[in-house]
2 protein chains.
Amino acid sequence: MTGFKPLDPLLHSQLRLAVMSLLIGLDSAAFTYIREKTGATAGNLSVQLDKLSEAGYIEIEKGYNGKKPVTTCKITAQGVEAFESYVNALKEYIG
Amino acid sequence: MTGFKPLDPLLHSQLRLAVMSLLIGLDSAAFTYIREKTGATAGNLSVQLDKLSEAGYIEIEKGYNGKKPVTTCKITAQGVEAFESYVNALKEYIG
DNA sequence: TTTTTAGGTTTATAATATAAACCAGTTTAT
DNA sequence: ATAAACTGGTTTATATTATAAACCTAAAAA
């Protein structure tokens, strides 16, 4: 239990962590919903979602709600696992 | 479920958080000790300790052990408070 | 038809983290 | 006594990250 395990830099970011935290409870959420809940700017959120997506932590699906574009995000199994590992590692620091 | 409170950026850093985590348990520690426990490079540690010091989260005292220079760090009351607030805020994110 | 709004993306800039290079002094080896 | 190597750091340069500003496309409203 001794020693500080490295913290996944992808998750050790306020906004990305908030996104993952939301998604782990929801399983699926729209861009606009995440934006509201996190209070992030659209630009920032767009960038951070891409990073999570490229890491395989979330899946991003682009569709439409009527004529309006809707970007939907879903956490992956890999994402859940990474989140849990991160939380465990973090506990050494704050426990 | 009050939403995501901002995370003190000074503490939301792997190395600085590890330092604070160590100091909160020890009350006082030498630079070299912190370096060993955290595995940080001296340069990085030096920079991060300065930041914590400038924020008033720790106090840095320079003395000697015989002829050898010894830099000693101590967490402040403000530092303890900041750490606790950070941990509380973080709990919203990680459950 | 022009303006505004929704739903984003791209790009430029600011902030951060990190390591490399360095410095003052001490100990060890020659 | 002098050179080489080690301690205990600091300073500076660079890579990475976070963030906001500027922008784009299409739809709805005026």
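Here the structure is a predicted model, which means the values were calculated and not measured. In what follows, chains carry the letters A, B, and so on, assigned in the order in which the sequence lines appear, proteins first and then strands, with residues in each chain numbered from 1.
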- request: Take atom CZ of B:R35 and atom C1' of D:dT7, then tell me their distance rounded to the nearest Å.
  value: 10 Å
- request: Sort out for me which residue in A:I24, A:N88, A:L11, A:V87 forms a side chain to side chain contact (heavy atoms under 4.5 Å, CB included) with B:I94.
  value: A:V87
Nearest-Å distance for atom pair CG/P, residues B:L45 and D:dT10: 9 Å
- prompt: Is there a side-chain polar atom (N or O) of B:R16 under 4.0 Å from OP1 or OP2 of C:dA17?
  reply: yes
task: From the options D:dG9, D:dT10, C:dA19, select the nucleotide whose nearest atom is closest to the side chain of B:S46.
output: D:dT10
Proximity to the side chain of B:V47 - top-ranked nucleotide from D:dT11, D:dG9, D:dT19: D:dT11
field: Side-chain heavy atoms of B:V70 within contact of B:Y33, under 4.5 Å
entry: no
Touch class at under 4.0 angstrom, heavy-atom based, for A:Q14 against every strand present: nothing
query: Quick one: on DNA chain D, does B:A42 or A:A40 contact a more 5' nucleotide (nearest heavy atom)?
result: B:A42
- request: Would you kindly give the CG-to-P distance between B:L17 and C:dT16, to the nearest whole Å?
  value: 16 Å
Integer-rounded Å distance: D:dA26 P and A:K62 NZ: 14 Å
- request: Please state how far atom CG in A:L49 lies from atom C1' in D:dA18, giving the value in whole angstrom units.
  value: 14 Å
query: How far does OH of A:Y86 sit from CE of A:M20, to the nearest 0.5 angstrom?
result: 11.0 Å
statement: Output for pair (A:I75 CD1, A:S21 OG), nearest 0.5 Å, gives 9.0 Å
field: Nucleotide of D:dT10, D:dA18, C:dT9 approaching B:F31 most closely (side-chain heavy atoms)
entry: D:dT10
message: Rounded to whole Å, how long is the line connecting atom OH of A:Y64 with atom P of D:dA28?
response: 12 Å
- prompt: When you measure from the side chain of A:K68, which nucleotide among D:dT17, C:dA6, D:dA20 comes out closest?
  reply: C:dA6
message: Starting the side chain at C-beta, find the nucleotide from D:dA18, D:dA27, C:dT9 nearest to A:K67.
response: D:dA27
- request: Report yes or no: do A:K74 and A:S28 form a side-chain donor-acceptor pair below 3.5 Å?
  value: no
- prompt: In whole angstroms, how far is the P atom of C:dA15 from the CD atom of B:E54?
  reply: 15 Å
query: Between D:dG9 atom P and B:Q48 atom CD, what is the distance in whole Å?
result: 16 Å
